[in-house]
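Throughout, residue positions are numbered sequentially from 1 according to the sequence presented. Just so you know, ligand 1 is whichever comes first in the structure, and atom 1 is the first atom listed for that ligand. Keep in mind it's a predicted model, so treat the numbers as computed, not measured.
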Amino acid sequence: MNVGDRHYRTIWLSDDGRSVEIIDQRWLPHDFRIEKIGSVAGIATAIRDMWVRGAPLIGVTAAYGVAMQMADDPSDAALDTVWETLHETRPTAINLRWALDEMRRFLRPLPTEQRAAAAYRRAGEIADEDVELNRAIGENGLAIIKAIAARKQKGEPVNILTHCNAGWLATVDYGTATAPIYLATEAGIPVHVYVDETRPRNQGAQLTAWEMAGHGVPHTLIVDNAGGHLMQRGEIDMVIVGTDRTTADGDVCNKIGTYLKALAAADNDVPFYVALPSPTIDWTVHDGLAEIPIEQRSADEVSLVWGKTAAGEIAQVRISPETTPAANPAFDVTPARLVTGLITERGVAKASREGLKAMFPERA
Ligand SMILES: CSC[C@H]1O[C@H](OP(=O)(O)O)[C@H](O)[C@@H]1O
């Protein structure tokens with residue numbers, strides 16, 4: 001997407017043909033920093049410490065990490081080692097495992113001397129595929145927004161609530177949950193986005209709000225706990241979120257707090273959609289609550305928050321007593337029964353085994 005008048009992806013191959021450059025999302029919205037990464041260790045740190053984050057982007061970043069390993073040591077042993085090293089960086093987003101599996105499947109049959117070039121080529125393809133998947137999700141989600149707009153007074157915006165950041169910053173470009181919003185804006189359909197701040201790391205306040213502002217999308221930042229209140233008062237027309245892993249039965253794992261939004265949406269008859277690129281479907285699991293590992297992140301993410309001081313410095317401040325322990329589950333699972341529809345690159349699927357099987361018969 002555009003940052004000012006320049007187009008950016010979130011990750012791209014450096015001119016040296018070996019390193020990648022990424023937007024270091026830890027400093028947004030206060031500072032736009034690009035970091036160059038040229039090693040597997042650097043890729044692992046960038047994923048684990050959330051310089052880059054978002055299920056699809058994590059997968060693409062890991063794919064380039066495999067390519068860097070192949071440039072160093074293209075042996076089978078090294079291919080297995082890099083799979084393990086990167087797989088353990090974050091446990092919940094299935095795109096990480098999907099990308100690592102895809103790279104290993106693709107590279108294993110190749111002669112070692114061909115692996116490095118092939119790995120960089122495949123990583124680039126996965127990045128390009130992500131953009132196309134998201135554009136298609138945008139088109140399929142746009143139809144939903146158009147249908148809602150048609151039922152409203154002319155000129156009245158479609159009020160959309162989104163949680164966390166499933167924007168272009170969570171992918172290579174376009175985003176998943178934000179893709180329909182961007183396409184609606186480009187089509188001149190009035191939309192207004194309620195942006196959940198998304199504690200504890202504030203991906204909404206820091207990233208989604210920055211994206212919306214950067215693209216002229218009318219939006220309002222709200223605290224996480226306000227969504228239900230707005231739905232009760234008829235101020236939300238639809239909810240759209242991303243996902244880090246969706247089961248073959250349509251259970252949706254996403255940023256902590258998503259489940260509560262889905263409950264409030266169900267209680268107020270507000271349609272609750274999930275933008276779902278197919279690499280985010282884990283066909284091997286059915287019961288999300290029982291089978292999806294939930295990442296437990298540092299208590300410091302709860303007790304400390306980042307912001308910009310009046311003096312313009314980016315700093316962390318403590319918001320709780322030094323002695324107060326904190327728990328930080330990073331994701332939760334929304335049961336399929338609370339999901340109105342899964343907006344995939346092929347169309348809107350019912351959140352069920354039958355619905356996903358009908359949409360992806362060759363994979364189920
Ligand atoms: C399009 S996937 C975005 C997904 O990833 C986020 O998690 P994190 O920021 O911890 O990587 C969040 O769950 C988003 O919905």
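- The contact set between ligand 1 and A170, taken as ligand atoms under 4.0 Å from a residue heavy atom, comprises 1 (C), 3 (C).
- Residues in residues 324-340 take part in these side-chain hydrogen bond (donor to acceptor under 3.5 Å, both in side chains) pairs, two or more places apart or across chains: E301-N328.
- Each of the following atoms of ligand 1 lies closer than 4.0 Å to a heavy atom of T243: 2 (S).
- When each of D251, T280, D282 is paired with R245, the side-chain hydrogen bond (donor to acceptor under 3.5 Å, both in side chains) condition holds for D282 and for no other.
- Between E102 and R97 there is no salt bridge, since no side-chain N of the basic residue sits under 4.0 Å from a carboxylate O of the acidic one.
- Within the 3.5 Å criterion, the main-chain N or O of Y194 finds no donor-acceptor partner in the side chain of T220.
- Taking every non-hydrogen atom of Q203 and a distance limit under 4.0 Å, the qualifying atoms of ligand 1 come out as 8 (P), 9 (O), 10 (O).
- Within the structure, ligand 1 has N165 among the residues with a heavy atom less than 4.0 angstrom away.
- Ring geometry, Y120 versus Y64: the interplanar angle falls from 30° to 60°, so the pair is classed tilted.
- Looking at atom 12 (C) of ligand 1, its nearest protein heavy atom turns out to be C164 SG, 3.4 Å.
- A distance-only check finds no donor-acceptor pair linking the side chain of D31 to the backbone of W27 [under 3.5 Å].
- Under a 4.0 Å heavy-atom criterion, T198 is not in contact with ligand 1.
- Checked by distance only, ligand 1 and D244 come closer than 3.5 Å through their nitrogen or oxygen atoms.
- Judged by distance alone, with hydrogens and angles left aside, the side-chain atoms of E291 form a donor-acceptor pair with the main-chain N or O of D287 at under 3.5 Å.
- For ligand 1, the polar-atom distance check finds an N/O of R90 within less than 3.5 Å of one of the ligand's N/O atoms.
- Not a single heavy atom of V241 lies less than 4.0 angstrom from ligand 1.
- Remark: distances from the non-hydrogen atoms of A330 to ligand 1 are all 4.0 Å or more.
- In terms of heavy-atom proximity, C164 sits nearest to T198 at N-OG1, 2.7 Å.
- In terms of protein heavy atoms, atom 15 (O) of ligand 1 is closest to N254 OD1, 2.5 Å.
- At a heavy-atom distance under 4.0 Å, only side-chain atoms of P56, from C-beta outward, approach ligand 1.
- Nearest protein heavy-atom neighbour of atom 1 (C) of ligand 1: T176 OG1, 3.4 Å.
- Residue-to-ligand polar distances place G54 within reach of ligand 1: an N/O pair is separated by less than 3.5 Å.
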Yes or no on side-chain contact (heavy atoms from CB on, under 4.5 Å) for E132 and E129, after CA distance, side-chain angles and deciding distance? CA-CA 5 Å; E132 290 316 307; E129 287 159 12; 5.8 Å; no
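- Applying the side-chain hydrogen bond (donor to acceptor under 3.5 Å, both in side chains) test to pairs two or more places apart or on separate chains, those with a residue in residues 223-239 are K152-D237, H229-R233.
- Ligand 1 has a nitrogen or oxygen under 3.5 angstrom from a nitrogen or oxygen of R53.
- Under a 4.0 Å heavy-atom criterion, M50 is in contact with ligand 1.
- Between the side chain of T344 and the main chain of V348, no donor-acceptor pair closer than 3.5 Å is present.
- Of the listed options H163, E295, K255, R245, K255 places a heavy atom closest to atom 10 (O) of ligand 1.
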